[in-house]
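Written below as structure tokens is the structure these notes are about.
Note: hydrogens, waters and symmetry copies are ignored here, and every other heavy atom, side chains too, is used. Protein chains get the first letters and strands the later ones, always in sequence-line order, with residue 1 at the start of each. A quick note: this is a predicted structure, and the numbers were derived from the prediction, not measured.
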Protein chains: 2
Amino acid sequence: MPRQVDHDARRRQIAEAVWRLAARGGLEDVTLRQVAAEAGVSARLLQYYFGTRPQLLLGALEILNTEGEQRARQRIELLGDDPGTHAIVRGVLLELLPLDEERHDRHLVYVAYFVRFLSDPDLAPAARQAPPALENLVTGLLTHAQELGEVRPDVDAPAEAAYLVAGAEGLQSRMLLGQYTPEQAVALIDHQLARVFNAETGERPQPDSA
Amino acid sequence: MPRQVDHDARRRQIAEAVWRLAARGGLEDVTLRQVAAEAGVSARLLQYYFGTRPQLLLGALEILNTEGEQRARQRIELLGDDPGTHAIVRGVLLELLPLDEERHDRHLVYVAYFVRFLSDPDLAPAARQAPPALENLVTGLLTHAQELGEVRPDVDAPAEAAYLVAGAEGLQSRMLLGQYTPEQAVALIDHQLARVFNAETGERPQPDSA
DNA sequence: CGGTTTATGGTTCGATCGAACCATAACACG
DNA sequence: CGTGTTATGGTTCGATCGAACCATAAACCG
């Protein structure tokens, strides 16, 4: 069924236009006419593929979510098999940083949606899931590393995991504001990881897989 | 000149309406008519006190900034004289958390403005100053504490300060999303502070001064 | 080949937006 | 007392918005 492919491709094309506009001027610039112009299609098509404007916003966000998850998983797998817990945690945290244009725009779009997440009952579930999931993942990885002896038993795994993730999110904002270079932000994360992990278990700072 | 007082009070009244609307629905809900209704004044007054809509957005942000600085300084001074470096750093970091309604709304408004900071040349300077200033302040405090022996000499003060501030900012986002209670967030910060500072220099976790 | 669904463009409508314009109270000062 | 500045409300205009409506080309199906 080649129809389905066309259909999804069209939705994706339109969603990308929404992302670009939201990353620039915020959600208030995401008007049906502007999206249509940015996507190079007629305004009627937005109605056809997404319906009303709130549905367009929601749909574009859902596509961004699934796409982001895919990319993250790919980049983690790109570390090779058995990359070591240290490297995996590092990969998860770096995923939160805007280290390339794709992640830059994605995180920016999330910020543009943020305030809506709090009040809009349709948008809320799309954003409330990811962060705790990440934190639980890191907690699990740290606990695992503790059992392997790669992390000293006196570190509070949940507390450290929570602050590692929170710190990465904070660095994300600052990078978006242009106040940290990618190198500085990565160095700060590596500094914390070097503290949590025993030194000898650390991978050499291999460049972020693009 | 009681005129000036009235003038500023009016501007503040209008700015508060802008904040409330931005904290709910984001900047796209900050329309001149809605602000007028929320503030209980006529739309004409917004023009009179602020001019055009971009000027209103900018003015409301500036008022929020100065007000936020004042409040922060007050709360720090409320710690008493010579509260100890540990307590001061703690106070600075807690200022980033939405621990009361005032800070909740303020941080929310910043998020609503965030995307604009990146593209709007008028808005940008209002937001780019604060974060690095905070970080430098914490770095200075940690270095000072190091000289006093309250922090071990082998900790990297700038790196730890940067991650402390970044972590507090990350916790801020999660609290706004309702994923952390104030107690949990404060506990995470205290956990990090206990690690950076020598144990005996720590104040007992005195409740956040409201 | 004929009909039904799918996919697309164009147009129009009522609502709302930002901003300019017009009016006039209230108070200040000479 | 009068006159001018300050402070406020109301109205209107052109532009734009979201959404509904109308049309039709293309593709698929019996």
Side-chain angles (χ1 to χ4, degrees), chain A residues 1-22 24-61 63 112-113 115-116 119-123, chain B residues 1-22 24-61 63 112-113 115-116 119-123:
Chain A
M1 51 183 81
R3 279 303 189 59
Q4 186 65 12
V5 170
D6 287 358
H7 190 266
D8 283 358
R10 264 278 188 254
R11 282 177 61 93
R12 201 198 123 85
Q13 171 192 5
I14 295 172
E16 282 180 7
V18 172
W19 303 340
R20 282 195 295 272
L21 289 173
R24 199 167 350 128
L27 284 195
E28 58 177 333
D29 277 16
V30 183
T31 153
L32 295 189
R33 282 169 175 81
Q34 292 219 47
V35 173
E38 177 78 21
V41 299
S42 88
R44 174 66 182 81
L45 240 70
L46 309 190
Q47 294 181 279
Y48 183 74
Y49 282 103
F50 289 92
T52 140
R53 182 173 179 265
Q55 289 169 335
L56 170 64
L57 262 43
L58 175 59
L61 181 67
I63 296 179
Y113 274 80
V115 177
R116 287 294 190 84
S119 47
D120 190 326
D122 294 328
L123 249 43
Chain B
M1 51 181 80
R3 277 302 187 60
Q4 186 67 11
V5 171
D6 288 357
H7 187 79
D8 284 358
R10 265 278 190 254
R11 282 177 60 93
R12 201 198 123 85
Q13 172 192 5
I14 294 172
E16 283 180 6
V18 171
W19 303 339
R20 282 194 295 273
L21 289 174
R24 200 170 344 130
L27 284 196
E28 58 177 333
D29 277 16
V30 184
T31 153
L32 296 188
R33 283 169 174 81
Q34 291 219 48
V35 173
E38 176 79 20
V41 299
S42 89
R44 174 66 183 81
L45 241 70
L46 309 191
Q47 294 182 278
Y48 184 74
Y49 283 102
F50 289 92
T52 140
R53 182 172 178 266
Q55 289 169 335
L56 170 64
L57 262 43
L58 175 59
L61 181 66
I63 296 178
Y113 275 80
V115 177
R116 286 294 190 86
S119 48
D120 191 326
D122 294 329
L123 249 44

Inset, instruction - Please state whether the phosphate of C:dA7, meaning OP1 or OP2, lies under 4.0 angstrom from any side-chain nitrogen or oxygen of A:Y48. - result: yes
Inset, instruction - For the side chain of A:V41, starting at C-beta, report the closest nucleotide among D:dG9, C:dG9, C:dG18. - result: C:dG9
Inset, instruction - Check whether any side-chain N or O of B:R10 sits under 4.0 Å from OP1 or OP2 of D:dT8, and answer yes or no. - result: yes
Legend entry - N or O in side chain of B:R53 less than 4.0 angstrom from C:dG18 OP1/OP2: yes
Legend entry - Length of the line joining A:E28:CD and D:dG18:P, which is rounded to integer Å: 12 Å
Legend entry - Whole-Å gap separating P (C:dA25) and CG (B:L45): 17 Å
Inset, instruction - Look at all strands and tell whether A:T31 reaches a base, only sugar-phosphate, or nothing, counting heavy atoms closer than 4.0 Å. - result: sugar-phosphate
Legend entry - Pairwise distance CD(B:Q34) to CG(B:L46) - rounded to 0.5 angstrom: 12.0 Å
Inset, instruction - Starting at atom CG of B:D29, determine the distance to atom P of D:dG18, rounded to an integer number of angstrom. - result: 13 Å
Inset, instruction - Specify the separation, in whole Å, of atom CG of B:L21 and atom P of C:dC17. - result: 11 Å
Legend entry - Options C:dA7, C:dA20, C:dC17, nucleotide nearest the side-chain atoms of B:Q47: C:dA20
Inset, instruction - Figure out the CZ/C1' separation between B:R33 and C:dA19, and round it to whole Å. - result: 9 Å
Legend entry - Whole angstrom value for the distance that separates C1' of C:dG9 from CG of A:L32: 15 Å
Inset, instruction - Just jot down the ring pair (Phe, Tyr, Trp, His ring centres under 6.0 Å) partners of A:F50, sequence neighbours excluded, or say none. - result: none
Legend entry - Rounded distance (Å) that lies between atom P of D:dA20 and atom CG of A:L46: 14 Å
Inset, instruction - Find the distance A:R44:CZ to D:dA25:C1' and express it as a whole number of Å. - result: 14 Å
Inset, instruction - Please check the phosphate of C:dT8 (OP1 and OP2 only) for any side-chain N or O of A:S42 closer than 4.0 Å. - result: no
Inset, instruction - Evaluate the criterion side-chain contact (heavy atoms from CB on, under 4.5 Å) for residue pair A:Q13 and A:R10; output intermediate values, then yes/no. - result: CA-CA 5 Å; A:Q13 171 192 5; A:R10 264 278 188 254; 2.6 Å; yes
Legend entry - CA sep, side-chain torsions, deciding dist, call: A:I14, A:L56, side-chain contact (heavy atoms from CB on, under 4.5 Å): CA-CA 9 Å; A:I14 295 172; A:L56 170 64; 4.0 Å; yes
Inset, instruction - Return the nearest nucleotide to the side chain of B:Y49; candidates are D:dA19, D:dA7, D:dC13. - result: D:dA7
Inset, instruction - Could you walk me through whether B:L57 and B:Y113 pass the side-chain contact (heavy atoms from CB on, under 4.5 Å) test, one step at a time? - result: CA-CA 9 Å; B:L57 262 43; B:Y113 275 80; 4.0 Å; yes
